[in-house]
Visitor: 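Got a structure for you, questions after.
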Amino acid sequence: MPRAYDVKAVERKWQMRWLDERDYEVDVDDRRPRYYVLCMYPYPSGPAHQGHVRNYTFGDLIVRHRTMNGFAVLSPIGFDSFGLPAENAAMATGVHPRTFTDQRIRELKESLISIGAVYDWRREIRSHDPAYIKWNQVIFNRFLEAGLAYRAKAPVNWCPGCQTVLANEQVLADGTCERSGDVVEHRDLEQWFLRITRYAEELLGGLDDLDWPARVKTMQRNWIGRSEGAEFELEVLGDTSRADKRVVKVFTTRPDTSFGMTYVVLAPEHPLVDELTTPDQAAVVAELRARAARASEIERTANEGELAKRGAFTGSLARNPFNGQPVPIWIADYVLMGYGTGAIMAVPAEDERDWDFAAVHGLPVVRTTQPPEGFSGGAWTGDGVKINSAFLDGLPLAEAKDRAIAWIEEQGIGRRTVNYRLRDWLVSRQRYWGCPIPVVYCAACGIVPVPDDDLPVLLPDDVELRPTGESPLARHEAFRSTPCPRCGGDARRESDTMDTFVDSSWYFLRFCDPWAQDRPFDPEIAARWMPVDQYIGGVEHAILHLMYARFFTRALGDVGIAPEGLREPFQRLFTQGMIRLGGSKMSKSKGNLVAPSRYVDDVGADALRLYHLFVGPPADDVDWSRQTDEVIEGCGRFLDRVWRLAVGQEGQPSAKAHASADGRPPAAGQPPTGELRPADLAQRRATHRLIAKVTEDFARWSYNTAVAACMAFVNELARYAHDPHGGRPDVLDEALDALLLCMAPMTPHVTAELWEARHPGEKVHAQAWPVADADLARSERSTLVVQVNGKVRDRVDVDPGIGEDEALRIALASERVVAELAGRQPARLIAKPPRLVNIVV
RNA sequence: GCCCGGGUGGCGGAACGGCAGACGCGACGGACUCAAAAUCCGUUGUCCGCAAGGGCGUGCGGGUUCGAAUCCCGCCCCGGGCACCA
């Protein structure tokens, strides 16, 4: 499509200037107020995709807009450069992950520059840089000292596709790996964990004050999954020969239903199972345990119809402490070892899972809550007065719960407790391309951290990458064998690397002070920039990254690395919608990308940015369709109109049409003076309404309507410019300057070029954000809508300052209204001047 | 099953409880041109009507209100998240 200007040359020119002139490099001692804008740093997967363009367009817009508003805006960028794709590619092609990654970073960096995004590039971080690895490892050491990092054997999620363990957060609800889609298996392995659960309560409470999308907060609350209840012990019956009493400890959120306990269930992995299983039940118990151990999450949850196969009686009985009754002890795979105590009291009358299980196995049901009249279902889980419950009888749920807990505590058999669904974060990965976990195993000294002075532990380059389920580092003798830092004896290095979410859990802090040589960052400098004022990213990180980063910020504060008072890293969060093509998310892994470079080369970065802003509300998903190309071309067409309007008929950018007496163009922002004809005044009003509208829309992330306002303004302005009663140069200048300023954050290249042409030596992005003249922005005339019985019958042009009486007088005088009323008397008159009058008959 | 979003022209989408459909895409008509492209101007929810004008319209059914796309209740559909967490 032929264009009004040389888009490529103009865009390239400004991209180079922004890099050369370093306008977006800021330092912490800048005298302007500080503002920290951050887009989630990208995994370098090659040239940017549309999701990146969308994300970084929003970020760049805010950076430029805030800068024009007088802030020192910190706008850093980096690359989340460790991760599986590079390693998988290495196995497929033989290219080393480092070479592969560096190449991908070059490509991505080039595309970020090509869409006109500006950053303080001095601060660039790459997670695979030795400096970043070093501080990652130092942080790990501090966590180890503080008991926040620990090694434990645990049932873990194993992904056969990725050949590594996964964090709970990386396993989808259907039991598959979020990355590869493979069915995740269970394995018992010794692994490194970070103690995020220590912060469960704080992570939950901290959400309240965050300016985040409600949806994301809810997802985090659900993930943390706080539940209040009680733990108590049940005595195991039988085997009177033993001296010590054996007990089973259960957790329940419904201690008020304890009198309805008709059996007890242990998780198949529960340590007491062997001891409690009687010889005649041994075979069936063993079979169930074997099956549960082998079963993946997906199998374990997918066979609801086979409940009979999912539980087995141990042969032992326990005593319900509330009523002294013996109840059978079962094992069943619907009870999980990892939650609570791994054992439950089963109350089929008030729990649906217990009800279903009891029904299959013929276990008794005792109601302890009076269901509402007419209730005919199975378990009743709602409120109701207690029955069959001795001292709790007659009490409603909440009160009965408190009384039951008090009783448990009086008896000394248990206590009130809070449980969380949140588990500790498993960070070991049996892969090469990640940050090595800096510990050494010594036969004599045990687990020994690598001393800070010996860090970083770097990855050796000469590894053999093979998918064996073991880190390639384990087979690298020079890496693996090392003297013990403590005793000097033979020892072996940890060969696992860290989950890459560790890298992204503190990069935003490093950005504040990426030059720090003796620590990850200066906490005082971090304290001055943090928290991030505006964080922007995809909603797919609602749980994983955002939860980990919140945990790290707190934990780093508690070990003295981050500022102590800093608890929350991201004050405001914006999550953009995703890009879809043909109904599914556009992504590299799905292979349905539509490359942005195609548009940048064709219609230009400004047009593509404008499209992303214009297409709809930023939070909404975007469907990439056949129509999209045409809309993007429309955006380019609009920029052409702006260009032609700004340069006049000559085709070349010209200085302002209107020069003052000394021949120099007047400074921007000088309002036109002297007599104004009605058309001139109308244009000035439109100009100031535009400023007010765009300012307001930017504040509420309503970029699509801001763009629409600019388009409508250009339509009007073109009309005015060609109007024989309009076209006054100073009025045009005011209008064009306002338009360029308003558009500068959205389409930076074309506005920079036009501004420079009109104001030689000036940069549009260095200008102050325009301020609307409130008197002019207020509309001069208003349309009074006259309704009869709520139906619009007439519209009258009125003064906006009109009063109620005047509005009614005008309305009742309307010919159309008189005709409609046909002599009927109004029963009621509603006047909302200057917008509306409603006459009810 | 539970918890969030969301259903408005041919399409993307506008609309503090007060003119539904701003702005754009597409379509149609016109100007310019030998012609095309580009550009410019106009029309474009739907039905009735030559017109003036009127009826109907924001997923469906109720309700609140002088007035509902907007608020409330009950459904339907789409998207997302969670789902043996006791």
Side-chain angles (χ1 to χ4, degrees), chain A residues 1-4 172-174 213-219 221-223 225-227 229 250-254 257 265 267 297 300-301 304 307 310 332-336 338-347 350-354 356-357 419-423 539-540 542-543 577-578 580 583 610-611 614-617 619-623 625-635 637-638 640-641 644 702 704-715 718-719 722 783-792 794-795 816 826-832 835-841:
Chain A
M1 145 176 151
R3 296 294 296 265
L172 302 180
D174 64 357
R215 182 165 58 124
V216 175
K217 292 209 243 185
T218 306
M219 283 165 70
R221 284 195 192 100
N222 291 342
W223 190 262
R226 182 184 199 275
S227 52
V250 297
F251 170 74
T252 179
T253 55
R254 293 289 305 275
T257 65
V265 188
E297 199 75 30
R300 199 158 155 168
T301 57
E304 292 188 11
L307 266 178
R310 301 179 52 204
D333 66 4
Y334 77 92
V335 174
L336 308 174
Y339 185 77
T341 60
I344 62 157
M345 66 169 199
V347 184
E350 277 97 29
D351 183 287
E352 281 164 17
R353 295 154 304 183
D354 296 344
D356 293 342
F357 190 81
N419 257 300
Y420 300 92
R421 211 187 78 112
L422 183 71
R423 306 294 156 78
V539 73
E540 64 272 21
I543 294 177
M578 62 181 185
R580 288 185 309 211
L610 198 63
Y611 167 77
F614 182 56
V615 68
D620 288 6
D621 289 347
V622 178
D623 278 305
S625 68
R626 266 168 290 119
Q627 194 191 225
T628 299
D629 285 9
E630 286 159 350
V631 178
I632 294 174
E633 277 178 25
C635 289
R637 226 162 16 233
F638 166 68
D640 284 343
R641 291 194 79 191
R644 281 192 296 265
S702 185
N704 53 332
T705 54
V707 174
C710 291
M711 290 174 167
F713 180 77
V714 167
N715 292 341
R719 215 162 287 142
H722 301 120
T783 303
L784 180 77
V785 172
V786 185
Q787 299 180 333
V788 176
N789 289 335
K791 284 187 194 293
V792 179
D794 203 3
R795 298 186 175 92
R816 302 277 325 282
R828 195 165 162 191
L829 297 168
I830 290 117
K832 300 277 171 185
R835 317 264 315 250
L836 179 126
V837 166
N838 190 9
I839 298 161
V840 185
V841 295

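Model, not experiment: these values are computed from the prediction. Below, chains carry the letters A, B, ... as their sequence lines are ordered, and counting in each starts from 1.
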Visitor: Closest-nucleotide mapping onto RNA chain B: is A:Val707 or A:Ala214 further toward the 5' terminus? I mean the 5' end.
Guide: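 Checking each residue's closest nucleotide, the 5'-ward one belongs to A:Ala214.
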Visitor: Where the side chain of A:Ala708 is defined as all heavy atoms beyond and including C-beta, which of B:A22, B:A86, B:C19 is the nearest nucleotide?
Guide: B:A22
Visitor: What does B:G42 pair with, Watson-Crick or G-U, if both distances are under 3.5 Å?
Guide: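 Its partner is B:C28.
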Visitor: Please state whether the phosphate of B:G18, meaning OP1 or OP2, lies under 4.0 angstrom from any side-chain nitrogen or oxygen of A:Arg835.
Guide: no
Visitor: OP1 or OP2 of B:C56 versus the side-chain N and O atoms of A:Lys791: is any pair under 4.0 Å?
Guide: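 For A:Lys791, the contact criterion (side-chain N or O under 4.0 Å from OP1 or OP2 of B:C56) is met.
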Visitor: Just checking A:Glu352: does its CD atom have more than 12 heavy atoms from other residues, nucleotides or ligands closer to it than 6.0 angstrom?
Guide: no
Visitor: Could you work out which one of B:C25, B:U39, B:G79 sits closest to the side chain of A:Arg580?
Guide: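 So the side chain of A:Arg580 is nearest to B:G79.
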Visitor: Answer yes or no: is there a donor N or O on one side and an acceptor on the other, between the side chain of A:Asn838 and the main chain of A:Gly790, under 3.5 Å?
Guide: yes
Visitor: Rounded to the nearest 0.5 Å, what separation is found between the NZ atom of A:Lys217 and the CG atom of A:Asn222?
Guide: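 Taking NZ in A:Lys217 and CG in A:Asn222, the distance rounds to 14.0 Å.
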Visitor: Rounded to whole Å, please give me the gap between CZ in A:Arg226 and P in B:A86.
Guide: 12 Å
Visitor: Is there a Watson-Crick or G-U wobble partner for B:U33 with both distances under 3.5 Å, and which nucleotide is it?
Guide: none
Visitor: Has the side chain of A:Asn789 got a donor or acceptor atom that lies under 3.5 Å from a matching backbone atom of A:Val841?
Guide: yes
Visitor: Regarding A:Asn715, tell me which of base, sugar-phosphate or nothing describes its non-hydrogen contacts under 4.0 Å with the strands shown.
Guide: sugar-phosphate
Visitor: Would you confirm whether A:Asp640, through its side chain, and A:Arg3, through its main-chain N or O, come within 3.5 Å as a donor-acceptor pair?
Guide: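 Not a single qualifying donor-acceptor pair exists.
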Visitor: Would you mind reading off the distance between A:Ile632 atom CD1 and B:G12 atom P, rounded to a whole angstrom?
Guide: 16 Å
Visitor: With rounding to whole Å, what would you report as the distance between B:G21 and B:A14 at their P atoms?
Guide: 15 Å
Visitor: Among the candidates B:C16, B:G24, B:C25, find the nucleotide nearest to the side-chain atoms of A:Arg637.
Guide: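 For the A:Arg637 side chain, the nearest candidate turns out to be B:C25.
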Visitor: How do A:Asn838 and A:Arg816 order along RNA chain B: which one's closest nucleotide is nearer the 5' end?
Guide: A:Arg816
Visitor: Give the rounded distance in Å between these two atoms: CG of A:Asp356 and P of B:A83.
Guide: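 Distance check: A:Asp356 CG to B:A83 P gives 19 Å.
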Visitor: Confirm from the modelled atom types if A:Arg795 and B:C19 form a donor-acceptor pair under 3.5 Å, side chain to base only.
Guide: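 Flag set: donor-acceptor pair detected.
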Visitor: Rounded to whole Å, how long is the line connecting atom CZ of A:Arg254 with atom P of B:A86?
Guide: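 Whole-Å distance recorded here is 12 Å.
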Visitor: For the side chain of A:Tyr339, counting heavy atoms from C-beta on, which of B:A15, B:C23, B:A86 is nearest?
Guide: B:A86
Visitor: Using whole Å, report how far CD1 of A:Ile543 lies from P of B:C3.
Guide: 18 Å
Visitor: B:C2 C1' sits how many Å from A:Met219 CE, rounded?
Guide: 15 Å
Visitor: With P as the reference atom in both, quote the distance from B:U44 to B:G53 in angstrom, rounded to an integer.
Guide: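 So the two P atoms sit 14 Å from each other.
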Visitor: What integer distance in Å separates A:Leu610:CG from B:G12:C1'?
Guide: 14 Å
Visitor: Applying a 3.5 Å limit to both distances, which nucleotide forms a Watson-Crick or G-U wobble pair with B:C71?
Guide: B:G63
Visitor: By the 4.0 Å heavy-atom rule, please label A:Glu630 as base, sugar-phosphate, or nothing.
Guide: sugar-phosphate
Visitor: Pick base, sugar-phosphate or nothing for A:Arg641, based on heavy-atom distances below 4.0 Å to the nucleic acid.
Guide: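 Contact class for A:Arg641: sugar-phosphate only.
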Visitor: How long is the gap from CG on A:Asp354 to CD1 on A:Ile344, to the nearest 0.5 Å?
Guide: 4.5 Å
Visitor: Answer yes or no: does atom CZ of A:Arg226 have more than 12 heavy-atom neighbours from other residues, nucleotides or ligands under 6.0 Å?
Guide: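 Yes, the 6.0 Å shell around CZ holds more than 12 heavy atoms from other groups.
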Visitor: In whole Å, measure the gap between the C1' atoms of B:C19 and B:G30 for me.
Guide: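 It works out to 30 Å between them.
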Visitor: To the nearest 0.5 angstrom, please state how far the OH atom of A:Tyr339 sits from the CG atom of A:Leu422.
Guide: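 These two atoms lie 11.0 Å from each other.
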Visitor: What's the CG-P distance between A:Asp620 and B:A14, to the nearest Å?
Guide: 7 Å
Visitor: Measuring from the side chain of A:Val335 (C-beta onward, heavy atoms only), which nucleotide among B:A86, B:U39, B:A15 has the closest atom?
Guide: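 In terms of side-chain proximity for A:Val335, the closest of B:A86, B:U39, B:A15 is B:A86.
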Visitor: With the side chain of A:Asn704 defined as its heavy atoms from C-beta on, choose the nearest nucleotide among B:G18, B:C19, B:A14.
Guide: B:A14
Visitor: Would you mind classifying the nucleic acid contact of A:Thr252 as base, sugar-phosphate or nothing, using non-hydrogen atoms under 4.0 angstrom?
Guide: sugar-phosphate
Visitor: Side chain of A:Arg421 only, please: which of B:G10, B:A83, B:G67 is the nearest?
Guide: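 Of all the options, the side chain of A:Arg421 is nearest to B:A83.
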Visitor: Quote, to the nearest angstrom, the C1' distance that separates B:C41 from B:A52.
Guide: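 The same atom, C1', in both gives a distance of 26 Å.
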Visitor: Picking from B:G24, B:C66, B:C19, which would you name as closest to the side chain of A:Ile830?
Guide: B:C66
Visitor: Report the nucleotide, chosen from B:A20, B:C25, B:G18, that has the shortest atom-to-atom distance to any side-chain atom of A:Leu836.
Guide: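 It is B:G18.
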Visitor: Please name the nucleotide paired to B:G1 by Watson-Crick or G-U wobble geometry with both distances under 3.5 Å, or report none.
Guide: B:C82
Visitor: Of all heavy-atom pairs between A:Phe251 and A:Thr341, which one has the smallest distance, and what is that distance?
Guide: N-OG1, 3.4 Å
Visitor: If we take the P atom in both B:G67 and B:G1, what is their distance in whole Å?
Guide: 38 Å
Visitor: Pick base, sugar-phosphate or nothing for A:Arg221, based on heavy-atom distances below 4.0 Å to the nucleic acid.
Guide: nothing
Visitor: Work out how far the P atom of B:C78 is from that of B:G42, and round it to whole angstrom.
Guide: 43 Å
Visitor: Between B:G79 and B:G59, how far apart are the C1' atoms? Round to whole Å, please.
Guide: 15 Å
Visitor: Of the nucleotides B:A86, B:A14, B:G18, which has the atom closest to the A:Ser227 side chain?
Guide: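 Ranking B:A86, B:A14, B:G18 by closest atom to the A:Ser227 side chain puts B:A86 first.
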Visitor: So, is B:G54 syn or anti if syn means the angle is within 90° of 0?
Guide: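 For B:G54, whose glycosidic angle is more than 90° from 0, the conformation is anti.
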Visitor: Using a 4.0 Å heavy-atom cut-off across all strands, classify A:Glu352 as base, sugar-phosphate, or nothing.
Guide: nothing
Visitor: My understanding is that a pair needs two contacts under 3.5 Å, Watson-Crick or G-U wobble. By that rule, which nucleotide pairs with B:A15?
Guide: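 Pairing partner: none.
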Visitor: Provide the distance between the two P atoms, one in B:U8 and one in B:A15, to the nearest whole Å.
Guide: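 So the two P atoms sit 15 Å from each other.
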Visitor: Does A:Arg215 put a side-chain nitrogen or oxygen below 4.0 Å from OP1 or OP2 of B:G79?
Guide: no
